[in-house]
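What follows is a set of notes on a single structure, which appears directly below.
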Amino acid sequence: MPTQSRLPFTSDVDRIPSCQRADICENAHPVAWLATPGGPAGERSICQWVQQGGPMKVTVDELQEHVGAEVTLSGWVVHNRPSGKVGFVIVRDGTGLCQCVVEKTRVSDDLFEALKHLGTESSLSITGTVRAEPRSPGGHELVVTDATILCPAVDYPITPKEHGVDFLLRHRHLHLRSQRAWCIGRVRHTVVDAIRRFFNDEGFILVDTPIFTTLAGEGEQTLFAVDYFGQPVHLAQTGQLYLEAAAMSHRKVYCFGPTFRAEKSKTRRHLAEFWMVEPEVAFIDLDGLLGLAERFVTAIIQAVLERNRSELQTLETDVPALERITPPFPRLTYSQAVDILRGERTARFLADELADLQRRLAKVETRIAQIEAEDARGGLKKWKQEKNAQELIALRRERIDLTAAIENNPKHAALAAEFTWGKDLGGSDETILSRMHDKPLFVTHYPKAAKAFYMKVDRAEERVVENFDLLAPAGFGEIIGGSMREDDYPRLAGRIDELGYNPEHYQWYLDLRRYGSVPHGGFGLGVERTVAWITGERHIRHCIAFPRMMDRLYL
RNA sequence: UCCCCGAUAGCUCAAUCGGUAGAGCGAGCGGCUGUUAACCGCUAGGUUGUAGGUUCGAGCCCUACUCGGGGAGCCA
């Protein structure tokens, strides 16, 4: 683990041939540097830092093994807090955070002065003695004896105070360095690793399906058109159809990659480009698929719980809720779900929720009025004024959220109450159902008309298909969609015909039903939605390094 | 495509009835021996998203547009 998370900085530079390295040195941004006490002052480049010797270079996650020793950390300044005779520099190095204490008596005057004026996100290597210190984030601190500033950062745009969504996305390349983005990135890494591990351990064969494709999996309206040497094709919205072909070779296969949807969705659950893993299995039935999905999701949760406790803590995730995610997951058929949505229990559930929201809004309003009255009366101490201002900002933000929720609640209630059999479940319907459970919820057997052409018609009830969605609990909504695939040639060909698709595009797909067709099925899990659910992050745009959304693609 | 909300200093936000723009953070300088979103003092920083309109007077009211946020539809 530690080796994986360690920065490749030193080794990468070392790998550059020395002739090119000289070049880099010449072109390197000259930086102010600080000599060891008594040494010469001047300018140094990053390459010279790489080449220098000195105390053992360690990373923050290794500090506990070096208590009492003098070591060198390399990283970036998270926060700098100088004062007259002692300064505190919080350094992060990609593996963790460490407080570095700069005592005036222990370092040269030049170094003390330079560190005093060092801006947030400056890069440096910093040497000192390790000691246990509960007040330091991470539990260890460095008593500084020397430091080399590699690249001072002036006016770093992201400040310790809050920022808006738009600003942070515009600065996503820098925002990735923030604590929260770092934690989510590490959880995502675990999720992706757990996904691969699960399928590999279960004997699945990885098949990489094409990105450029002529086929539509779900419907032709939601695809990104691409000019492929003059031929109109589009970016894959699923690897499934290809995967079905591969499943007839390996029996159990999966694909894992980016997928593209041109849906004009502006919600916290949608991205135009997201990562999806899709298993496909020959000789399985719907029950087998549900079991597979159940074990799969449980394995992902277990891996995160094992490896990312501290990240979950920093993210303020509800860990006990994750620990409750064990098989079996509750199961409902679509028809049962419709009854629930239209039923009294749902109406009461939503009414209770509305009442609760209104109570909370009233409380917020009262508090705002209180503070405003306090401010109007005047004569407040400066710190009190400031505290009030901060609280007002938070309260007003909460008021906006609550107002939106109160406005949406009756709309969602109406959608649920007026739900008629045959429609697909909407986002709000799924949210309601999932909010009623504290485990992921399977909903199966949707109406044929609301679902994709390839789903297998239930032979016992021909108006529905053998499919399922898995809804994450606590209102997050759908993270998996899957189905048995229609394996009967005439039925599938008929469906393609009914929907008016171009049969020529589907000849190879129909071949799979011509030659040795077998019952088979699979599902797709959205990585970002899964990460958002697990971390408690409300918007999936924070669960991918560089999100692509409708009308938004900054970098 | 539709519905709701928003745009004021680098950032987050104030600005009473329509009366001529203010805080905090960040930046710069100074002070402080243990801080941890430290604290204290000083300094700089604005054509209020764009274009029109109403008015003696518009950040505030009206119209259109642009950009952004939330939601519906659609979906992982």
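First the proteins, then the strands, lettered A, B, ... as listed; each starts at 1.
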Those residues that, when tested against V154(A), pass side chain to side chain contact (heavy atoms under 4.5 Å, CB included) (two or more places apart) | none
Report the distance from atom CZ of F256(A) to atom C1' of A76(B), rounded to the nearest whole Å.
-> 12 Å
Does K423(A) count as lying over the ring of F419(A), i.e. NZ or CZ under 6.0 Å from the six-ring centre, within 45 degrees of the axis?
-> yes
What orientation do H542(A) and H539(A) show, parallel under 30°, tilted 30 to 60°, or perpendicular over 60°?
-> perpendicular
Gap between atoms CG and P, on L525(A) and C75(B) respectively (whole Å) = 18 Å
Nucleotide G49(B), atom C1' - distance to CZ of R170(A) in whole Å = 12 Å
Toward the 5' end of RNA chain B, by each residue's nearest nucleotide, E478(A) or K85(A) | K85(A)
Could you state the atom-to-atom distance from CG of N80(A) to C1' of G28(B) in whole Å?
-> 15 Å
Provide a list of protein-nucleic acid N or O atom pairs under 3.5 angstrom, restricted to nucleotides 1-3 of chain B.
residue	atom	partner	partner atom	Å
U1(B)	O4	K264(A)	O	3.4

R268(A) side-chain N/O to G71(B) phosphate OP1/OP2 under 4.0 Å | yes
Any residue of residues 293-300 of chain A with a heavy atom less than 4.0 Å from an atom of RNA chain B = none
In whole angstroms, how far is the P atom of A72(B) from the CZ atom of F419(A)?
-> 14 Å
Looking for any heavy atom pair under 4.0 Å, which part of the strands does I480(A) touch: base, sugar-phosphate only, or nothing?
-> sugar-phosphate
Spacing between R269(A) atom CZ and G71(B) atom P, to the nearest angstrom | 7 Å
Here the gap from C543(A) atom SG to I184(A) atom CD1, rounded to the nearest 0.5 Å, amounts to 5.0 Å
What residue among Y334(A), F442(A), F329(A) forms ring pair (Phe, Tyr, Trp, His ring centres under 6.0 Å) with F468(A)?
-> F442(A)
Rounded to whole angstroms, how far apart are CZ on R180(A) and P on A37(B)?
-> 17 Å
What does E273(A) touch in the nucleic acid at a heavy-atom separation under 4.0 angstrom: a base, only the sugar-phosphate, or nothing?
-> nothing
Ring geometry between F199(A) and F296(A) (parallel below 30°, tilted from 30 to 60°, perpendicular above 60°) = tilted
Residue whose nearest RNA chain B nucleotide is more 5′ - E528(A) or Y156(A) | Y156(A)
With sequence neighbours left out, which residue pairs that include part of residues 520-529 of chain A fulfil the side chain to side chain donor-acceptor pair (under 3.5 Å) condition?
-> R188(A)-E528(A), E244(A)-H520(A)
Using a cut-off of 4.0 Å on non-hydrogen atoms, how would the nucleic acid contact of Q179(A) be classed: base, sugar-phosphate, or nothing?
-> nothing
Does H79(A) place a side-chain N or O at less than 4.0 Å from the phosphate oxygens OP1/OP2 of A38(B)?
-> yes
Could you tell me whether E278(A) contacts a base, only the sugar-phosphate backbone, or nothing, with contacts defined as non-hydrogen atoms closer than 4.0 Å?
-> nothing
Any donor-acceptor N or O pair under 3.5 Å, side chains T213(A), Y242(A) | yes
Please state whether the phosphate of G34(B), meaning OP1 or OP2, lies under 4.0 angstrom from any side-chain nitrogen or oxygen of R135(A).
-> no
Can you find a side chain N or O atom of H117(A) that sits less than 4.0 Å from OP1 or OP2 on C29(B)?
-> yes
Have a look at S428(A) and say if it touches a base, only the backbone sugar-phosphate, or nothing, with a 4.0 Å heavy-atom cut-off.
-> sugar-phosphate
Identify each atom pair where a protein N or O and an N or O of nucleotides 8-14 of chain B are less than 3.5 Å apart, giving names and distance.
residue	atom	partner	partner atom	Å
C11(B)	O2'	E162(A)	O	3.2
C11(B)	O2'	H163(A)	ND1	2.5
U12(B)	OP1	G164(A)	N	2.8
U12(B)	O4'	E162(A)	O	3.2
U12(B)	O3'	R397(A)	NH2	3.2
U12(B)	O2'	R397(A)	NH2	3.4
C13(B)	OP1	R397(A)	NH2	3.1

Give each stem of RNA chain B as a range with a range, requiring at least 3 consecutive Watson-Crick or G-U wobble pairs whose two distances are under 3.5 Å.
-> B:1-7 with B:66-72, B:10-13 with B:22-25, B:27-31 with B:39-43, B:49-53 with B:61-65
F274(A) stacking on A76(B): centroids under 5.5 Å, ring planes under 30°?
-> yes
Calculate the interatomic distance between L415(A) atom CG and C74(B) atom C1'; express it in whole Å.
-> 14 Å
With heavy atoms under 4.0 Å as the rule, sort I479(A) into base, sugar-phosphate or nothing.
-> sugar-phosphate
